[in-house]
**Q** 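Below is one structure. I have some questions about it.
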Amino acid sequence: MNGYWGVSRAIIAREFLRFVHQRERFFAALVRPLVWLLVFASGFRAALGLSIIPPYQTYITYETYIMPGLCAMMLLFNGMQSSLSLVYDREMGSMRLLLTSPFPRWWLLVSRLAGATAISILQVYVFLAIAALFGIVMPPLGYAAVLPALALGGMMLGALGLLLSSFIRQLENFAGIMNFVIFPMFFLSSALYPLWKMAESSSLLRDICAGNPFTHVVELIRFSLYLQVDWGALAWVATSALVFTALAVWAYDPARGLNRRKP
Amino acid sequence: MTGPNKTENADSGLSVRNVTFRYGAKVALDNLSLDVRAGAFTALLGPNGAGKSTLIALLTRLLVTREGRIVICGHDLARTPRAALTRLGVVFQQPTLDLNLSVRQNLAYFAALHGLSPAQMAPRIDAALDRLGMRERADEKARDLNGGHRRRMELARALLHDPKVLLLDEPTVGLDAAARRSITDHVHDLALQGLCVLWTTHLTDEVRDEDRLLVLHRGRIVAAGITGDIRQGAPLSDWFLKRTGGAE
């Protein structure tokens, strides 16, 4: 079993080293949610009235409402960024090195997912700390309670990225991911507005949002920050994580997957 | 040395039997069979598009086919991939170094991917760096190395886990004459020391008369034997062009 942990440790360490070498990526990942929080949310706080909904027990500011959505957004962008780097790895050849390791492919891929998720979580905590400096604080224990939710949500969105990376033949096609995956997932969710608000304008849109796995990542994080468990969201996220991971491992299986193309 | 996954002649080498592979309707390898013995330098010579890289992808399990059988040191690649891949070292045609990592980090990453513990890998990495004369450059980024050094490092890396079979897919592409000579000589020495070497190339000057030669053309082996015997006095390049219809 030591070899298994050793290979995981090496893959995760490589992800961290790569992250350290790409400082601009770290700042970009932080600037994006901060702009949403400090500019967008400030502008919208007057326009959007929010009623008291679980897990909140009192009226909250809009900034407080969108914090879980922005944490999930960081996981989403990092998951997709990870898929971009997988495509890059495939074009650059380093993917071959990983896939010719004698260890089972599913273990190698899950280890890579774990590395990417660990980096996402680190960024989310830095974001939470900066938000706290601006007075947007969560219950103290919520910062610890949210860790499993971030890990599960990060693994799910990373697995989705992994799956998508098996479809993308070339790096240039990544823009399509932005248009057809990231934006619809983010906007058709409860990240920016609660589902009951969405239902006021369209029940169909509300149903689409309710079926979006990203919505459930947001809600899982939201409830965890307030020391509660949204069991429905947990089931959704856990099931989605398993399904996406299984499909990604299938897609990368040389005997059955989608990679049957010229090396 | 018997068992369900052993074959008759591949306990220390590489055996490919009746392998066919298609990209859609296009046949890349057509009922291919070959043997690569330990202690010999076997050159797989073929023009571009002959199927060399497809064969390397199948041997490294990047691609899989249901038609045919591949056995590495007695281990069937389809049935026991882990045992087979553990015995395999590969230098791909395309560079596979992480240019942002240091030389030592690249080596350590690969060693861990092959299950070596930190205690096992440290002396092997030091020995590899010493062999390359690169101990003092161990902390430099791979990006700062020239093409020849990068290739030599990839070769050293492929040997870190002490493989029994070494595959090299056109490893001298893009190198200058001195670096090509140096790598070719080094790998010939490794074969003399007992390693099973399969070297794919389309460059006839990398093949020596005493090497075993396999000529791959349109997915089939069209000639096999000792190079000096095969070419029968004619320059290998002329013989090769004639045999493969001048396809290049």
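Treat the numbers as computed from the prediction; the structure is a model and nothing was measured. Chain identifiers are assigned alphabetically (A, B, ...) following the order of the sequence lines, protein sequences preceding nucleic acid strands; residue numbering begins at 1 within each chain.
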**Q** Step through the shown structure and confirm whether more than 12 heavy atoms of other residues, nucleotides or ligands are within 6.0 Å of CZ on A:R32.
**A**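 Atom CZ in A:R32 is packed in, count exceeds 12.
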**Q** State the CZ-CG distance between A:R14 and B:D98, to the nearest 0.5 angstrom.
**A**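 A:R14 CZ to B:D98 CG: 4.5 Å, rounded to 0.5 Å.
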**Q** Check this for me: A:F16, atom CZ, are more than 12 non-hydrogen atoms of other residues, nucleotides or ligands nearer than 6.0 Å?
**A**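 Above 12, so yes.
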**Q** Please classify the contact between B:Q93 and chain A as side chain, backbone, both or neither, with a heavy-atom cut-off of under 4.5 Å.
**A**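 Nothing of B:Q93, per the 4.5 Å heavy-atom cut-off to chain A.
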**Q** So which part of B:P81 gets closer than 4.5 Å to some heavy atom of chain A, the side chain, the backbone, both or neither?
**A**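 Neither the backbone nor the side chain of B:P81 comes within 4.5 Å of chain A.
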**Q** Between A:A13, A:S8, A:A10, which residue shows the highest count of heavy-atom pairs closer than 4.5 Å to chain B?
**A**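 Answer, by heavy-atom pair count under 4.5 Å with chain B: A:A10.
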**Q** Which atom pair, heavy atoms only, marks the closest approach of A:L97 to B:T96?
**A**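 Looks like CD2-O, 3.8 Å.
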**Q** Between B:R87 and chain A, which part of the residue has a heavy atom less than 4.5 Å away: side chain, backbone, both or neither?
**A**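 The answer is neither part of B:R87.
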**Q** Could you pull out the closest heavy-atom pair between A:G6 and B:A112, with the gap in Å?
**A**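 Result for this residue pair: O-CB, 4.0 Å.
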**Q** I need the minimum non-hydrogen distance between B:R82 and A:P102, along with the two atoms involved.
**A**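 Nearest pair, atom of B:R82 first, then A:P102: CG-O, 3.1 Å.
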**Q** For A:F27, look at atom CZ and say whether over 12 heavy atoms of other residues, nucleotides or ligands are found less than 6.0 Å away.
**A**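 Not more than 12 within 6.0 Å, no.
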**Q** In Å, rounded to the nearest 0.5 Å, how long is the span from OG1 of B:T86 to CZ of A:F103?
**A**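 Rounded to the nearest 0.5 Å, the OG1-CZ separation comes out at 7.5 Å.
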**Q** How many angstroms lie between OG1 in A:T100 and CG in B:L88, if you round to the nearest 0.5 Å?
**A**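 A:T100 OG1 to B:L88 CG: 8.0 Å, rounded to 0.5 Å.
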**Q** Do you know which two heavy atoms are closest between B:N100 and A:H21, and how far apart they sit?
**A**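 Heavy atoms only, the tightest pair is O-CE1, 3.1 Å.
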**Q** I need the minimum non-hydrogen distance between B:R61 and A:R105, along with the two atoms involved.
**A**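 Reported closest heavy-atom pair: O-NH2, 3.3 Å.
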**Q** Please classify the contact of B:T60 with chain A as side chain, backbone, both or neither, using a heavy-atom distance under 4.5 Å.
**A**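 Its backbone and side chain both get close to chain A.
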